[in-house]
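These numbers were taken from a predicted model, which means no experiment stands behind them.
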Amino acid sequence: MRDNERVTSAIREPETPAATTPPRLIATDLDGTLLRDDKSVSPRTVAALAAAEEAGIEVFFVTGRPARWMDVVSDHVHGHGLAICGNGAAVVDLHGGPGAHRFVKVRELPRNNALEAVGLLRDAAPGTVYAVEQTYGFYQEPAYPKLHMEVPDDLAPAEDLLADGSPSPAEPVLKILAFHPEMEPDAFLTLARLAVGERATVTRSSPSALLEISGPDVSKASTLALCCAERGISHEEVVAFGDMPNDVEMLTWAGRSYAMGNAHPDVLAAASGHTVANNDDGVAVVIEQLLNGRI
């Protein structure tokens with residue numbers, strides 16, 4: 001879930017880890033990874049995804065995006081139709097198309113944890129403003145900037161949005177978004193993780209100081225591990241791709257992982273291999289080599 005700004009401009013030929021167990025599942029982030037900066041899926045990437053599925057390799061989209069933003073890849077989910085959204089907070093069946101998705105698994109952020117996290121971060125970083133992402137609704141504080149091209153369902157302080165009398169008290173909270181108008185993004189992330197502790201999982205996928213706060217132990221990696229266990233797939237049989245800090249756990253967990261040429265330095269350090277940038281079809285480059293037996 002990031003805008004079009006690149007983190008680095010590195011362009012390199014794929015650097016690959018030693019060949020290991022044949023892959024059974026490809027897990028790829030979307031923004032800055034599978035998608036080009038214009039949010040399109042290139043014809044080369046479409047062909048590579050289809051070829052992987054034809055070869056019997058499942059493809060999972062694993063993203064910070066909410067389910068309602070998945071129309072960009074809904075034509076490419078193939079047989080299983082599933083995607084991991086909200087940094088692991090939900091597994092969604094996209095077969096119904098835009099606006100008709102079905103939540104298969106929800107790993108919510110308990111409201112008490114969310115309220116504690118909001119209060120602690122308000123104290124640690126004055127000036128932070130919040131939005132609340134639920135399964136179907138999006139709510140924000142009046143001062144929260146228009147970072148997403150959508151109209152919120154309601155405007156109120158985060159404490160009111162998370163209270164028992166909130167607009168949708170029975171609807172699970174998937175994550176809290178916390179924005180600071182002045183802090184450096186990585187410094188804000190470090191501060192928030194120290195302040196929130198084990199009450200929630202804090203990460204980021206935007207080049208701005210926008211944090212994503214999920215339930216305890218909820219991450220792309222932990223939800224992907226659950227999906228793989230249900231299919232009898234080990235982590236050694238997973239190939240993962242990513243570009244931002246919210247991908248680090250997934251890249252570390254997977255048997256083989258690739259940082260994009262435009263990736264954040266933490267991602268470059270965490271991945272076992274590197275590929276070219278998203279605008280140069282880095283995911284497709286690796287998939288083609290996998291299918292050709294070159295890596």
Side-chain angles (χ1 to χ4, degrees), residues 1-7 30-32 39 63-70 85-90 108-216 218-219 244-246 264:
M1 212 177 90
R2 66 193 289 272
D3 61 25
N4 289 338
E5 180 184 340
R6 287 187 171 190
V7 178
L30 295 181
D31 297 280
K39 306 305 179 185
T63 179
R65 287 181 173 229
R68 65 184 178 277
W69 289 7
M70 294 299 289
C85 298
N87 291 327
E108 67 183 289
L109 171 60
R111 287 174 183 260
N112 285 342
N113 293 54
L115 283 166
E116 287 186 31
V118 166
L120 290 166
L121 196 49
R122 281 203 198 280
D123 291 339
T128 302
V129 290
Y130 298 90
V132 178
E133 185 78 62
Q134 296 184 229
T135 44
Y136 292 100
F138 178 77
Y139 309 88
Q140 67 178 62
E141 295 188 325
Y144 186 85
K146 193 171 181 59
L147 299 172
H148 322 291
M149 299 305 293
E150 59 185 323
V151 177
D153 295 295
D154 199 4
L155 296 173
E159 290 82 356
D160 293 342
L161 295 173
L162 295 166
D164 290 340
S166 68
S168 298
E171 189 179 332
V173 174
L174 298 185
K175 65 180 179 180
I176 302 297
L177 298 166
F179 177 80
H180 199 283
E182 298 175 356
M183 290 194 69
E184 191 276 329
D186 283 333
F188 189 32
L189 176 60
T190 299
L191 177 68
R193 284 175 169 171
L194 289 172
V196 171
E198 297 181 355
R199 297 171 184 82
T201 300
V202 186
T203 190
R204 76 176 186 92
S205 61
S206 169
S208 65
L210 176 65
L211 305 183
E212 300 162 64
I213 304 173
S214 305
V218 173
S219 68
M244 286 296 280
N246 64 329
H264 184 282

Looking at every heavy atom in both [X] and [Y], which two are closest together, and how far apart are they?
| X | Y | result |
| --- | --- | --- |
| K175 | L177 | CE-CD2, 4.0 Å |
| L109 | I213 | CD2-O, 3.6 Å |
| G137 | E171 | N-OE2, 2.8 Å |
| P185 | P207 | CG-O, 3.1 Å |
| C85 | M70 | SG-CG, 3.8 Å |
| P66 | E133 | CB-OE2, 3.7 Å |

First locate atom [atom1] of [X], then atom [atom2] of [Y], and finally report the distance between them rounded to the nearest 0.5 Å.
| X | Y | atom1 | atom2 | result |
| --- | --- | --- | --- | --- |
| T203 | E212 | OG1 | CD | 6.5 Å |
| L210 | M183 | CG | CE | 13.5 Å |
| L189 | N246 | CG | CG | 10.0 Å |
| L191 | D186 | CG | CG | 12.5 Å |
| L161 | E141 | CG | CD | 7.0 Å |
| L194 | L121 | CG | CG | 11.0 Å |

I'd like to know if the side chain of [X] reaches the main chain of [Y], judged simply by a donor and an acceptor atom lying under 3.5 Å from each other, with no hydrogens or angles considered.
| X | Y | value |
| --- | --- | --- |
| H180 | P126 | yes |
| R193 | V202 | yes |
| T190 | A187 | no |

Would you say the side chain of [Y] lies within less than 4.5 Å of the side chain of [X], judging by non-hydrogen atoms?
| X | Y | result |
| --- | --- | --- |
| P145 | V129 | yes |
| N87 | V218 | no |
| P142 | Y144 | no |
| V118 | Y130 | yes |
| V132 | Q140 | no |
| Q134 | P172 | no |
| V173 | E108 | no |
| P216 | E198 | no |

Practice item. Apply side chain to side chain contact (heavy atoms under 4.5 Å, CB included) to the pair R68 and F138, showing each step before the final yes or no. Key: CA-CA 10 Å; R68 65 184 178 277; F138 178 77; 3.4 Å; yes
Exercise for review: Under the side chain to side chain contact (heavy atoms under 4.5 Å, CB included) rule, what do K39 and L30 come out as? Steps first, then yes or no, please.
Suggested key: CA-CA 9 Å; K39 306 305 179 185; L30 295 181; over 6 Å; no
Practice item. Taking atom types as modelled, find out whether R111 and S166 have a side-chain donor-acceptor pair closer than 3.5 angstrom. Key: yes
Practice item. Let me see the working for Y139 and S168 under side chain to side chain donor-acceptor pair (under 3.5 Å), right down to the final yes or no. Key: CA-CA 10 Å; Y139 309 88; S168 298; 2.6 Å; yes
Point to revise | Stepwise side chain to side chain contact (heavy atoms under 4.5 Å, CB included) check, R122 with E159 | key: CA-CA 11 Å; R122 281 203 198 280; E159 290 82 356; 2.8 Å; yes
Exercise for review: Go through the steps for L211 and F179 under the test side chain to side chain contact (heavy atoms under 4.5 Å, CB included), then give the verdict.
Suggested key: CA-CA 6 Å; L211 305 183; F179 177 80; over 6 Å; no
